[in-house]
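Below, read A as the first sequence line, B as the second, and so on, with proteins coming before strands; counting in each chain starts at 1. Because the structure is a prediction, the values reported are computed rather than measured.
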Amino acid sequence: MDDREISGILIHWYEKNKRELPWRETGDPYLIWISEIILQQTRVAQGLDYFNRFVQRFPDVRSLAEVDEDEVMKYWQGLGYYSRARNLHAAAKQIVDSFDGVFPRTREDILSLKGIGDYTAAAIASFAYQQPYATVDGNVYRVLARLFDLEMPIDSGEGKKYFTELAQSLLDERHPDLFNQAMMEFGALQCVPKSPACDSCPLNGKCLALASGRVEQLPVKNGKTMVKPRYFNYLHIRGQGKTLLSKRTGNDIWRNLYEFPLVETASPVSWGELQQVAGFNTLFGGMTGINVKREFTAKKHVLSHRVIYAVFYEILVDAFSPAMQKYLQVPDEEVGNYAVSRLVQSYLEKRETLLF
DNA sequence: AACCCGGGGGG
DNA sequence: CCCCCAGGGTT
């Protein structure tokens with residue numbers, strides 16, 4: 001098959017079918033960078049509003065580098081994979097400190113930034129600077145696996161190398177930006193994971209998987225992530241107009257987001273059983289007359305690799321115990337100013353509707 | 001190489 | 001409801 005013919009068809013298809021998106025109207029590497037990080041594991045429809053709000057608040061590298069990380073997290077709240085936001089902030093500081101605030105141009109320098117790997121480096125280098133690096137994302141894996149009927153697993157080291165070299169060999173070096181955009185947009189809109197419309201596909205005469213009837217089976221992946229359950233008992237403790245909050249730390253989900261005092265248990269527990277748990281007693285040590293105002297039954301929060309069964313207890317106290325002093329005491333009306341997970345956010349929203 | 005990190009959409 | 005999606009960092 002003629003490589004130039006493939007890239008020509010893809011680029012022609014792209015010019016006719018591409019979506020008009022703000023980050024496609026710019027050559028500013030900063031805006032392209034932000035869009036690429038947001039678009040990792042995130043669909044355009046979901047990321048578009050986040051992008052617009054983010055770049056309005058942080059229009060350039062320095063404005064992002066100079067703010068507190070909490071401020072960045074607020075603009076990422078609800079988007080998921082929060083390490084992306086932490087790395088984005090760290091990389092902005094890297095650019096100010098090591099590159100005098102100017103976005104680096106070479107692939108090596110771009111790759112040195114936190115949160116930027118092979119894919120994002122190629123995207124920025126080709127979109128902003130027209131450098132000849134092929135972007136290999138999930139769309140590209142799918143398009144190439146089908147076009148060439150390749151059964152090599154895409155989540156192996158060997159597969160990653162093979163597909164990257166194949167994409168690089170197909171790249172139109174005269175228009176690396178157009179070629180990369182075309183390949184990925186084609187995967188996103190035409191060569192979709194489920195039930196692609198091969199009848200109307202401009203490459204259906206060249207697609208080896210279509211000829212062999214394996215379109216739906218490709219690409220092949222080995223990955224099988226175990227879903228482990230966790231049990232979160234959240235204590236929404238309020239007293240004297242203040243709410244207790246803490247910031248999640250350590251190597252765990254939702255790092256650096258805020259939440260209520262949490263007692264995690266190995267299995268589901270009732271309110272009565274929870275009061276026997278050490279973590280609970282440490283918190284309420286010496287206190288009498290705990291007043292549970294409201295209990296929300298277990299909410300199932302499903303992540304790709306975790307399922308969290310959460311119970312929220314709203315507890316009113318006259319005063320905070322000594323053990324509660326280590327928590328932030330936030331005025332009730334300011335709780336909304338803190339970046340929280342979707343789970344906590346949905347609790348707060350549900351509580352709001354029940355109250356009024 | 002294996003595992004971890006969120007959340008949304010589609011069948 | 002269950003199944004699918006997927007780039008980068010860490011271990």
Side-chain angles (χ1 to χ4, degrees), chain A residues 32-50 73 75-91 94 110-124 133-145 152-161 163-164 167 180 184 187-189 191-197 216-230 232 248-259 299-308 310 339-347 349:
Chain A
I32 291 167
W33 172 44
I34 302 300
S35 74
E36 288 301 333
I37 301 298
I38 288 177
L39 261 35
Q40 288 171 7
Q41 285 79 29
T42 305
R43 288 174 176 77
V44 168
Q46 187 200 355
L48 189 53
D49 287 344
Y50 279 90
M73 299 307 282
Y75 280 79
W76 208 266
Q77 177 178 358
L79 202 48
Y81 282 99
Y82 297 92
S83 65
R84 293 184 293 172
R86 297 192 301 268
N87 289 336
L88 209 51
H89 187 229
Q94 253 181 293
I110 296 171
L111 216 39
S112 75
L113 300 174
K114 288 213 73 158
I116 294 188
D118 289 337
Y119 165 75
T120 308
I124 295 170
Y133 298 105
T135 52
V136 185
D137 73 344
N139 294 305
V140 177
Y141 281 122
R142 188 168 56 253
V143 171
L144 295 181
M152 187 179 298
I154 62 172
D155 55 354
S156 64
E158 190 192 9
K160 188 180 185 315
K161 186 171 184 295
F163 280 89
T164 299
N180 283 335
M184 295 192 287
L189 299 181
C191 196
V192 293
K194 296 290 168 191
S195 311
E216 292 283 357
Q217 282 73 55
L218 296 172
V220 172
K221 275 171 284 190
N222 290 326
K224 38 205 165 281
T225 40
M226 267 278 296
V227 178
K228 298 178 202 158
R230 294 176 70 172
F232 283 10
R248 288 183 68 82
T249 56
N251 291 323
D252 199 359
I253 60 172
W254 301 327
R255 178 146 64 105
N256 292 14
L257 294 188
Y258 290 84
E259 64 183 0
K299 176 170 175 58
K300 190 179 175 188
H301 188 77
V302 181
L303 279 41
S304 57
H305 53 296
R306 286 277 184 273
V307 51
I308 295 165
V340 299
S341 67
R342 269 276 190 257
L343 173 60
V344 172
Q345 189 181 28
S346 69
Y347 160 76
E349 286 168 0

ask   = Short question: side chain of A:D155, backbone of A:K221 - any donor-acceptor pair under 3.5 Å?
value = no

A:N256 atom CG is separated from B:dG6 atom P, nearest whole Å, by 11 Å

When rounded to whole Å, the CG to C1' distance for the pair A:L39 and B:dG8 reads 14 Å

From the list A:I116, A:T135, A:T120, side chain to side chain contact (heavy atoms under 4.5 Å, CB included) partner of A:E36 resolves to A:T120

B:dG6 -> Watson-Crick or G-U wobble partner, both distances under 3.5 Å, gives none

- Task: Indicate whether OP1 or OP2 belonging to B:dG7 is found under 4.0 Å from a side-chain N or O atom of A:R43.
- Result: no

- Task: Determine yes or no for a side-chain-to-main-chain donor-acceptor pair under 3.5 angstrom, with A:T42 supplying the side chain and A:Q40 the backbone.
- Result: yes

A:I37 atom CD1 is separated from B:dG6 atom P, nearest whole Å, by 15 Å

Counting C-beta onward and ignoring hydrogens, is there a side-chain heavy-atom pair between A:N87 and A:I37 closer than 4.5 Å? no

Taken to the nearest whole Å, NZ/A:K114 to P/C:dG7 is 19 Å

Item checked: Distance test, side-chain N/O of A:R84 to OP1/OP2 of C:dG9, below 4.0 Å -> no

Of C:dA6, B:dC5, B:dG7, the nucleotide closest to the side chain of A:D252 is B:dC5

C:dA6 versus B:dC3 - spacing of their C1' atoms, nearest Å | 14 Å

DNA chain B nearest-nucleotide lookup for A:S195 and A:T42: closer to the 5′ end is A:T42

Of the listed B:dG8, C:dC5, C:dG9, the closest approach to the A:N87 side chain comes from C:dG9

By nearest-heavy-atom nucleotide on DNA chain B, the more 5' of A:G157 and A:A45 is A:G157

Atom CG of A:N180 and atom P of C:dG7 are separated, to the nearest Å, by 13 Å

request  = May I ask you to verify if any side-chain N or O of A:K194 is less than 4.0 angstrom from the OP1 or OP2 atom of C:dC3?
outcome  = no

Separation of C:dG9 atom P from A:I116 atom CD1, nearest Å, is 9 Å

A:I154 CD1 to C:dA6 P, in whole Å, measures 7 Å

Separation of C:dC5 atom P from A:E216 atom CD, nearest Å, is 10 Å

| task | Please determine if a side-chain N or O atom of A:Y81 lies less than 4.0 Å away from the OP1 or OP2 oxygen of B:dC4. | result | no

Tightest non-hydrogen contact, residues A:N139 and A:R142, listed as OD1-NH2, 2.8 Å

Picking from C:dG8, C:dC5, B:dG8, the nucleotide nearest the side-chain atoms of A:Q46 would be B:dG8

Query raised in the report: On a whole-Å scale, what distance lies between the P atoms belonging to C:dT11 and B:dG6?
Result: 15 Å

For A:A134 and A:A122 the tightest heavy-atom approach is O-CB, 3.5 Å

OP1 or OP2 of B:dG7 versus the side-chain N and O atoms of A:H301: is any pair under 4.0 Å? yes

The nucleotide from C:dA6, B:dG7, C:dT10 with an atom nearest the side chain of A:W254 is B:dG7

A:R86 near the nucleic acid: base, sugar-phosphate alone, or nothing, with a heavy-atom cut-off under 4.0 Å? nothing

Check: Has A:T120 got a side-chain N or O lying under 4.0 Å from the OP1 or OP2 atom of C:dG8?
Finding: yes

